[in-house]
Amino acid sequence: MEHLNFHHLRLFRAVAHEGNLTRASRSLHLAPQTVSGQIRELEASLGEALFLREGRRLVLTEVGKVVRSYADEIFGLGRELQETLRGQPAGRALRLKVGVVDVLPKLVAYRLLEPAFTLEHPVHILCREGPPEALLAQLATHELDIVLLDRPIPDAVNVRAHNHLLGRCGVTFLARPERAEQLRAGFPGSLDGEPVLLPAEGSALRSELDRWFADHGLQPRVAGEFEDSALLKVFGQAGMGFYAVPSVVEEEAVRQYEVEALGSTDEITASFYMVSVERRLRHPAVVAIGATAREELFS
C-alpha cells in the first residue's frame with residue numbers, strides 16, 4: 001500500500017459525512033470532478049472500495065466505515081493539537097463509544113461507567129446495547145472503543161481483542177418486602193416451588209443460577225425470563241417473583257425498586273469484563289473505569 005495521502009483522506013471524510021458528492025464539494029470549495037478523482041486515488045492506494053452508489057447517495061462500504069472512523073480520530077487529534085499549541089483548552093469532551101451486552105444489569109453498567117463522568121476533562125459517552133456478537137463486531141471495526149460483557153469473549157466469536165477482568169462478586173436474591181420476610185426463614189430451601197424471574201438463557205448469570213438451583217435440589221417455578229434486566233426488575237418490583245442481582249448493586253436495587261434482600265450466596269459468581277482491541281488501555285475514561293472497578297467497586 002502507498003503512503004497515506006491525508007489530503008485525500010480529508011476529502012473522503014467530507015463526502016462520507018455528507019453522503020453526497022456535490023454538497024461535500026461545495027463545502028470544500030472544489031469541483032465535484034476533483035473530489036471524485038482524488039477519492040478514487042485514495043481507494044486505489046488502499047486497494048478497497050470506500051463507497052457504493054445508491055441513486056444520488058454515496059453509501060459507505062464496510063471498509064469505508066472503518067476508514068471514516070480512523071479519519072474522524074486523526075483529524076480530531078489534529079484539531080486538539082492546534083488548540084493545545086495555541087495554549088487553549090481543547091474545548092470539547094472526550095468521546096467514549098461503549099457497547100453494553102444486553103444481559104448485563106443496567107445498575108452494574110451504570111456503576112462501571114460512572115467513573116468516566118468524574119474526570120477533570122468532560123467525557124461524552126455514546127452507549128450502545130446489543131448481543132455480544134454484534135457489539136464485538138463493531139469493536140473490531142473501531143465503531144466502539146470498549147465492550148462490557150458478563151463473560152470473556154466467546155470462543156465462537158473471531159475477533160482480535162483483549163479481555164480485561166473488572167471484578168467478580170456473589171449474588172443477592174430480592175423480592176417484595178412482605179415476600180422477602182417470609183422467604184428469609186429456611187433460605188435457600190424456602191425458594192423451592194417459589195415463582196422466580198430469570199435472565200434469558202445464554203447469559204452467564206442464568207447458567208450460574210441454574211447450576212446453583214440444581215446443586216441445592218431446588219425447583220423454583222419459572223414465572224418469567226427476560227433479556228432486558230431492567231424489565232425483569234420491574235416485574236420483581238410488582239411482586240411477580242423473586243430474582244437475583246449481583247451483590248455489588250444490592251443497595252441500589254433495594255432503594256430503586258422498593259424490594260428487600262431475602263438471602264445471598266457467594267456460590268454463584270457474577271463476573272464483569274471490559275473488552276478492547278488494545279492490550280494496554282490509554283483512553284483516560286477507560287483507564288478510570290478499570291481502575292475504579294478493581295480498586296473500589298470489587299475490592
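The first residue of the sequence shown is numbered 1, and numbering continues consecutively from there. In this text, all values refer to a predicted model and were calculated from it rather than measured experimentally.
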Taken in chain and number order and not counting sequence neighbours, the residues that satisfy ring pair (Phe, Tyr, Trp, His ring centres under 6.0 Å) with Y110 are none
Residue pairs passing the ring pair (Phe, Tyr, Trp, His ring centres under 6.0 Å) test with at least one member in residues 145-169, sequence neighbours excluded, are none
Backbone N or O of E258 within a donor-acceptor pair of the R176 side chain at under 3.5 Å? yes
Got R160 and V277 here, is their nearest side-chain heavy-atom distance under 4.5 Å? no
For Y70, the ring pair (Phe, Tyr, Trp, His ring centres under 6.0 Å) test, sequence neighbours excluded, returns H142
For R57, the side-chain hydrogen bond (donor to acceptor under 3.5 Å, both in side chains) test, sequence neighbours excluded, returns none
Residues at least two apart in sequence or cross-chain that pass ring pair (Phe, Tyr, Trp, His ring centres under 6.0 Å) with H283, listed by chain then number, are none
key: Joint hydrophobic cluster, L112 plus L205, side-chain heavy atoms closer than 4.5 Å   = no
Whether the R168 and S271 side chains hold a donor-acceptor pair (N or O, under 3.5 Å, no angle test) is what I'd like checked. yes
### SB check E251 R255 (cutoff 4.0 Å)
no
Sorted by chain and residue number, the ring pair (Phe, Tyr, Trp, His ring centres under 6.0 Å) partners of F298 (sequence neighbours excluded) come out as F272
Please answer: with hydrophobic residues joined when any side-chain heavy atoms are less than 4.5 Å apart, are L28 and L50 in the same cluster? yes
For this session: Using distance alone, with no hydrogens and no angle criterion, decide if S36 and R40 have a side-chain donor and acceptor under 3.5 Å apart.
Result: yes
Side chain to side chain contact (heavy atoms under 4.5 Å, CB included) filter on V287, not counting sequence neighbours, yields L281
Quick note, ring pair (Phe, Tyr, Trp, His ring centres under 6.0 Å) partners involving residues 193-219, not counting sequence neighbours, are F173-W212, W212-H216
Item to check | Close side-chain approach of P199 and V103, heavy atoms under 4.5 Å | outcome: no
Linking I/L/V/M/F/W/Y whenever any side-chain heavy atoms sit under 4.5 Å apart, do L94 and I289 land together?
-> yes
**Request:** In plain terms, say whether R206 and E225 are close enough for a salt bridge, that is, a side-chain N and a carboxylate O under 4.0 Å apart.
**Result:** yes
Applying salt bridge (Lys or Arg N to Asp or Glu O under 4.0 Å) to E62 and not counting sequence neighbours gives K65
Is it the case that the side chain of R294 and the backbone of L166 share a donor-acceptor pair, with hydrogens and angles ignored and the cut-off at 3.5 Å?
no
Q.
Contact between V275 and I153 at the side-chain level, heavy atoms closer than 4.5 Å - yes or no?
A. yes
Checklist entry - Does L232 share a hydrophobic cluster with V222, counting links as ILVMFWY side-chain heavy atoms below 4.5 Å and allowing steps through other members? => result no
ask   = Would you call T265 and P188 a side-chain contact if the rule is heavy atoms closer than 4.5 Å?
value = no
Distance-only criterion, 3.5 Å: show the donor-acceptor pairs between side-chain atoms of residues 123-131 and protein atoms not counting sequence neighbours.
unit_1	atom_1	unit_2	atom_2	d
R128	NH1	Q138	OE1	2.6
E129	OE2	K106	NZ	2.9

Next on the checklist: Does atom CD (E267) have a neighbourhood of more than 12 heavy atoms from anything else shown, all under 6.0 Å?
Outcome noted: yes
What I'd like to find out is whether the side chain of E43 reaches to under 4.5 Å of the side chain of E48, using heavy atoms alone. no
Those residues at least two apart in sequence (or on a different chain) that pass side-chain hydrogen bond (donor to acceptor under 3.5 Å, both in side chains) with E260 are R184
Residue pairs passing the side-chain hydrogen bond (donor to acceptor under 3.5 Å, both in side chains) test with at least one member in residues 185-200, sequence neighbours excluded, are R179-E194
| Should L9 and R13 count as side-chain neighbours, where that means a heavy-atom distance under 4.5 Å? | no
Review point. Is it true that a side-chain atom of T172 and a backbone atom of V245 form a donor plus acceptor pair closer than 3.5 Å?
Key: no
Treating D150 as the side-chain partner and A204 as the backbone partner, does any N or O pair qualify as donor plus acceptor under 3.5 Å? yes
request  = Quick one: do Y243 and F235 satisfy ring-ring contact (aromatic ring centres under 6.0 Å, His included)? Show the steps, please.
outcome  = CA-CA 10 Å; Y243 62 97; F235 274 74; over 10 Å; no
Item to complete: Establish, from distance only, whether the side-chain atoms of E278 and S276 form a donor-acceptor pair under 3.5 Å.
Response: no
